[in-house]
Asks: 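Structure incoming, see below.
All figures in this text were calculated on a predicted structure; none of them were measured in a lab.
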Protein chains: 2
Amino acid sequence: MANLKQLAQSLGLSITTVSRALDGYSDVSAATRERVREAADKAGYRPNASARRLRRQRAELVAVTLPSDPGHIGPPHFLDMLSGCAEHLAGAGLNLVIAPVPRGESELEICRRFVDGRRVDAMLLVRTKRHDERVEFLQSRGIPFVTNGRTESPVPHPYIDGDGFAGFHAATQRFRTAGHRRIGHIAGPQEYYFAHVRRMGWQSAMDEAGLEADLCAEGAPTEQGGYLAALELLRQPSRPTALVCATDEMAMGALRALREIDGGNQISIVGHDDLPMGAYTSPSLSTMRMTGENLGTNFASLLLRAIAGEPAEELQELHAIEFVDRDSHRRPPAAA
Amino acid sequence: MANLKQLAQSLGLSITTVSRALDGYSDVSAATRERVREAADKAGYRPNASARRLRRQRAELVAVTLPSDPGHIGPPHFLDMLSGCAEHLAGAGLNLVIAPVPRGESELEICRRFVDGRRVDAMLLVRTKRHDERVEFLQSRGIPFVTNGRTESPVPHPYIDGDGFAGFHAATQRFRTAGHRRIGHIAGPQEYYFAHVRRMGWQSAMDEAGLEADLCAEGAPTEQGGYLAALELLRQPSRPTALVCATDEMAMGALRALREIDGGNQISIVGHDDLPMGAYTSPSLSTMRMTGENLGTNFASLLLRAIAGEPAEELQELHAIEFVDRDSHRRPPAAA
DNA sequence: CTTGACTCCCAAAACGTTTTGGATGATCCT
DNA sequence: AGGATCATCCAAAACGTTTTGGGAGTCAAG
């Protein structure tokens, strides 16, 4: 309610002393420290955030950019992630601001606005591209950041990601072991790292099995994108008997396509992300998910360490992918 | 990159003139204005946000508190809402910070921290209670805010809400018209306004139909809460033949209870919120949703008007509820 | 009595803006 | 010529902190 000056005046002390008393410095006597603290409490004093920020040259803020394209908004538990992340950051005196990207503006411009206007001390990036200009920009500015998802940047940066390659490799092998030979892949836009690496996982498993990796269709990372991509694969002369889909949303679109197609209920399918609604589709959607608890907290602590100056190499977390065993992947391999 | 002083020095002008040139004041000649603008562009100058905030005595920030209890995180499209809201606010130079509530701290304390530390110019509140201490606090401080959901506060405040009373009244009537007589209600915690008003809607429709409104069970606003509440109702000597549920999550819990109970597939059900996954349950979940597009944008513009000083009475939006016609409400009324 | 160490306090600078209240000439009117 | 008006510019204050670099005073040791 009041400011430091008024508080100091009412106590007959200097601004300096009051400030230092509240910050717990040892060069103010225990007695006055107590006296100051009491008065501050009673007055409901809170330091003015803007003033402190100006003086300390820190924004006490971290921004996370939210891509506005539908289907690009990241993992399903994104809000939980944000919430956990914000909570952890708050413990370190940082607040999380969300930076949506308006139509017509690029994510890069948003980063620029936040960073060059010194509005933030650090940034969080989601849905990284293989070649990500936001990453390059932040690196050029030397501002700490952590990405959710890797990139192909030549200079290392902190990230947290799931091992999509291994996950999709294993899922493809699982189908192969079950007897499938025509295993298709519904891929996301290949400029995204996650989409690319998932496709590589599928492809590598196909190669190792000596199977041709020709049943691949790419689409937008949405229900509709998955639907269209699935239709494309189902029009092929020799249909797939199993589909490995880049995301659950795409998998749900693929399920819709399968329902519309004769014999579609004979085709196995698996997605990725473990969207809650996957448990309710029919058949319920088998899927994969990143292991490790509370992505948000993890994300936040990586960021805090990055701010503290730890080198990027020590701030890279690659988590295993676990299979979520439901019904949609158990169709007979011979049919279709 | 640079600051005003350096910019001024390099141009041989005063700080004042540079500042005013950039802000487009008319007391600097068109020629110098242009010259300054070019130099600023080339230097990539952005005013330091903290300094501006301190001087202008505005935080340029708005906070929204996120309750951390599971199932309390508000509407399903909450993230979309936040995103739309943040985007709209950004147009007015305001950024949106999310303020999660850590365990052991109350939402009120969070509000206090943000408001008294002058970290924000305004606040957004979600999941209001009938008697909401956050609302009282913000009113006492005179800081602008908008709630998502009404309260019973004696002094009016800006809000945006769906007409839950009418929605649940209509849904109950719909069951009555279809021949149901034993229509139950699965209620959310009654301290929440939305939960209370939805219950009142059901009750009033029952009263009008001359039916006894005794089949009501209250639970946490989660899947599990709905499950438990449904079991409670199904244990009654005379079971309900239809259930009106406070939220979709609770309705999905109720569906689970029905699956476990003999004859449960004969009981009609309807939820509220239009969660995306409701389309995939079996039976697909009939539900309700608030009309009006982009809640977030709406929310933001109400807030901007509140900041501009419009009286609260003109900033209250009550939106109609529309029925989402799927399968779960079409079970025969006679069974069970 | 001096010296040094120690405790407790403070004045002033600095952070980078925005805004107030002129100052300086030039131009125009009478 | 004298005054008024206008177009440009600027010095300095202010916003509320944190931090630097001491300044008194006390006390114990030399």
Asks: Please encode protein proximity along nucleotides 16-28 of chain D as a string of B, S and -, counting only heavy-atom distances under 4.0 Å.
Replies: BBBBB--------
Asks: Has B:Q139 got a side-chain atom pairing as donor or acceptor with B:V155's backbone, closer than 3.5 angstrom?
Replies: yes
Asks: Could you check if a side-chain atom of B:L125 sits within less than 4.5 angstrom of a side-chain atom of B:L138, using non-hydrogen atoms only?
Replies: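 In short, these two side chains touch, coming nearer than 4.5 Å.
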Asks: According to a strict under-4.0 Å criterion, is A:S14 in side-chain N/O contact with OP1 or OP2 of C:dC10?
Replies: yes
Asks: Is it the case that the side chain of A:R113 and the backbone of A:R119 share a donor-acceptor pair, with hydrogens and angles ignored and the cut-off at 3.5 Å?
Replies: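 The answer is no, because no donor-acceptor pair under 3.5 Å joins these two groups.
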Asks: Take atom CG of B:L13 and atom C1' of D:dA11, then tell me their distance rounded to the nearest Å.
Replies: 14 Å
Asks: Within the distance-only criterion (no hydrogens, no angle test), does the side chain of B:D116 pair as donor or acceptor with the backbone N or O of A:R46 below 3.5 angstrom?
Replies: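 No: the side chain of B:D116 does not pair with the backbone of A:R46.
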Asks: With sequence neighbours left out, write down each residue that passes side chain to side chain donor-acceptor pair (under 3.5 Å) with B:T297, or none if nothing qualifies.
Replies: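 For B:T297 the side chain to side chain donor-acceptor pair (under 3.5 Å) partners, ignoring immediate neighbours, are B:N294.
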Asks: Between A:S26 and C:dT7, does any side-chain N or O lie under 4.0 Å from OP1 or OP2?
Replies: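 Negative; the distance criterion is not met.
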